[in-house]
Amino acid sequence: MIVELSHRIVEGMITYPGVPAPRLGVHLSRADSREVYAPGTEFHMGTIALAANTGTYLDTPHHRYPDGADLSQVPASRLADLPGLVVRAEGGREVRINQNLDVRDRAVLIHTGWDRHFGTGTYVGEHPYLAPESAAWLAEQGPALVGIDSANIDDTPPHGERPAHTLLLKAGIVLVEHLTGLAALPDEGFRFHAAPPMIAGLGTFPVRAYAVLP
């Protein structure tokens with residue numbers, strides 16, 4: 001069984017205020033392609049212009065650090081077919097991780113339920129985030145990936161620090177933000193996938209995140 005964990009990317013959507021919306025276009029229309037191919041054969045070739053932080057996306061160390069691994073340098077073994085673990089937030093904005101959990105080399109997915117507000121004015125304001133102390137603990141424990149179904153894994157006051165990004169990306173732990181559908185997953189016993197294209201020089205990009213259940 002496959003569980004979809006990504007938001008759809010559509011023309012004009014707003015992921016985060018200030019980040020431009022994606023724009024879809026056409027490089028070759030079906031009508032124009034009829035002049036290129038044999039009779040009865042036609043194709044559509046589209047274009048898209050979007051900020052890398054659109055929809056459900058992955059952050060690599062290069063997002064935070066100029067010398068950190070970019071999308072083309074993070075190995076696929078840290079992005080796909082990972083043993084998954086869901087951490088259920090227990091209310092309140094600051095999410096703390098149970099330090100008795102075995103998180104090493106796993107995809108740790110923080111389920112807050114905040115994805116229900118995606119695309120609304122509520123989504124960014126007062127969103128749940130990972131407690132800095134838990135970010136520091138995770139950075140020491142070595143999960144492969146940490147994800148959250150919220151607007152940001154950090155609290156986002158104006159000009160604020162970003163301790164989860166700072167600590168986890170420095171430790172080489174990639175992040176996935178704006179997940180959705182985590183309520184459909186068991187706490188563990190599934191495999192998680194969130195691999196972006198291998199683009200050199202970029203630190204973030206949308207992913208098709210999903211889980212495979214037995």
Side-chain angles (χ1 to χ4, degrees), residues 3 5-6 56-65 68-69 74-118 123-157 160-195 203-204 207 209-214:
V3 178
L5 303 175
S6 301
T56 302
Y57 57 80
L58 179 135
D59 292 344
T60 69
H62 190 68
H63 178 50
R64 176 67 175 81
Y65 299 100
V74 175
S77 61
R78 308 290 289 181
L79 306 168
D81 198 27
L82 300 170
L85 173 67
V86 176
V87 174
R88 312 289 178 185
E90 298 180 353
R93 294 187 60 218
E94 192 172 67
V95 180
R96 297 182 180 275
I97 306 295
N98 179 350
Q99 296 190 7
N100 293 319
L101 293 173
D102 178 11
V103 300
R104 182 164 297 277
D105 296 325
R106 303 178 80 174
V108 179
L109 310 179
I110 302 169
H111 173 216
T112 71
W114 203 251
D115 55 323
R116 67 187 182 275
H117 298 299
F118 186 81
Y123 184 65
V124 173
E126 300 299 306
H127 64 83
Y129 61 92
L130 180 63
E133 297 83 0
S134 289
W137 180 78
L138 285 169
E140 294 174 351
Q141 298 303 307
L145 176 154
V146 178
I148 193 168
D149 61 352
S150 179
N152 202 296
I153 200 166
D154 278 305
D155 195 12
T156 54
E161 297 180 345
R162 300 292 189 267
H165 281 84
T166 297
L167 293 165
L168 294 171
L169 294 176
K170 185 176 183 180
I173 300 164
V174 297
L175 308 176
V176 179
E177 295 174 307
H178 310 281
L179 286 163
T180 188
L182 296 181
L185 298 182
D187 290 352
E188 51 188 326
F190 63 91
R191 311 294 290 190
F192 179 76
H193 303 255
T204 66
V207 293
Y210 61 93
V212 180
L213 279 62

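Just so you know, these numbers come straight off a predicted model, no measurement behind them.
- The main-chain N or O of T56 is never found under 3.5 Å from a side-chain atom of S6 such that the two would form a donor-acceptor pair.
- Considering all non-hydrogen atoms of both residues, V95 and P128 come closest at CG2-CB, 4.5 Å.
- Here the side chains of V74 and H62 are not in contact, with every heavy-atom distance at 4.5 Å or above.
- Heavy-atom minimum distance, A151 versus W114: N-CD1, 4.4 Å.
- In this structure the side chain of V176 reaches within 4.5 angstrom of the side chain of L145, judged on heavy atoms.
- Residues G189 and P214 share a closest heavy-atom pair of O-CD, 3.2 Å.
- Contact check for V174 versus P61: side-chain heavy atoms found under the 4.5 Å cut-off.
- The aromatic rings of H193 and Y210 sit parallel to each other, their planes meeting at less than 30°, with 60° as the upper class boundary.
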* To do: Output, in order, the C-alpha distance, side-chain angles, deciding distance and verdict of side-chain contact (heavy atoms from CB on, under 4.5 Å) for N98 and V87.
  => CA-CA 8 Å; N98 179 350; V87 174; over 6 Å; no

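- Here L138 contributes atom CG and Q99 contributes atom CD; the two are 8.5 Å apart, rounded to the nearest 0.5 Å.
- One distance of note links CG of L130 with CG of D155; it measures 11.5 Å at 0.5 Å rounding.
- Considering V3, L79, V212, L179 in turn, L179 is the only one that fulfils the side-chain contact (heavy atoms from CB on, under 4.5 Å) rule with F192.
- Taking 4.5 Å as the limit, some side-chain heavy atom of P186 sits within range of a side-chain heavy atom of L213.
- The main-chain N or O of D115 is never found under 3.5 Å from a side-chain atom of T180 such that the two would form a donor-acceptor pair.
- Side-chain N or O atoms of R78 include none that pairs as donor or acceptor with a backbone N or O of P75 at under 3.5 Å.
- Between the side chain of R162 and the backbone N or O of G160 there is at least one donor-acceptor pair closer than 3.5 Å.
- The 12-atom threshold is not exceeded at CD of E161, counting heavy atoms of other residues, nucleotides or ligands nearer than 6.0 Å.
- Between the side chain of T60 and the main chain of A69, a donor-acceptor pair closer than 3.5 Å is present.
- Shortest non-hydrogen contact noted between Y123 and H117 is CB-O, 3.2 Å.
- Note that the CG atom of L182 and the CG atom of D187 stand 11.0 Å from one another [nearest 0.5 Å].
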* Applying side-chain contact (heavy atoms from CB on, under 4.5 Å), run through D105 and L82 and close with a yes or a no. => CA-CA 8 Å; D105 296 325; L82 300 170; over 6 Å; no

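- Here the CG atom belonging to D154 is positioned 8.5 Å from the CG atom belonging to L175, to the nearest 0.5 angstrom.
- Taking the six-membered ring for Trp and thresholds of 30 and 60 degrees, H178 and F118 have ring planes more than 60 degrees apart, a perpendicular arrangement.
- Contact annotation: the side chain of V86 approaches that of F190 to within less than 4.5 Å [non-hydrogen atoms, C-beta and beyond].
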* Do D59 and R64 pass the side-chain contact (heavy atoms from CB on, under 4.5 Å) test, and can you show the C-alpha distance, the side-chain angles, and the key distance before you say yes or no? -> CA-CA 8 Å; D59 292 344; R64 176 67 175 81; over 6 Å; no

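- A side-chain donor-acceptor contact under 3.5 Å links R104 to the backbone of Q141.
- Across every non-hydrogen atom of L168 and A135, the tightest pair is CD2-O, 3.6 Å.
- Taking CG of L185 as the start and CZ of R88 as the end, the distance is 7.0 Å to the nearest 0.5 Å.
- Looking only at distances, a side-chain donor or acceptor of E177 sits under 3.5 Å from a matching main-chain atom of I153.
- When atom types are taken as modelled, the side chain of R93 and the backbone of H127 share a donor-acceptor pair closer than 3.5 angstrom.
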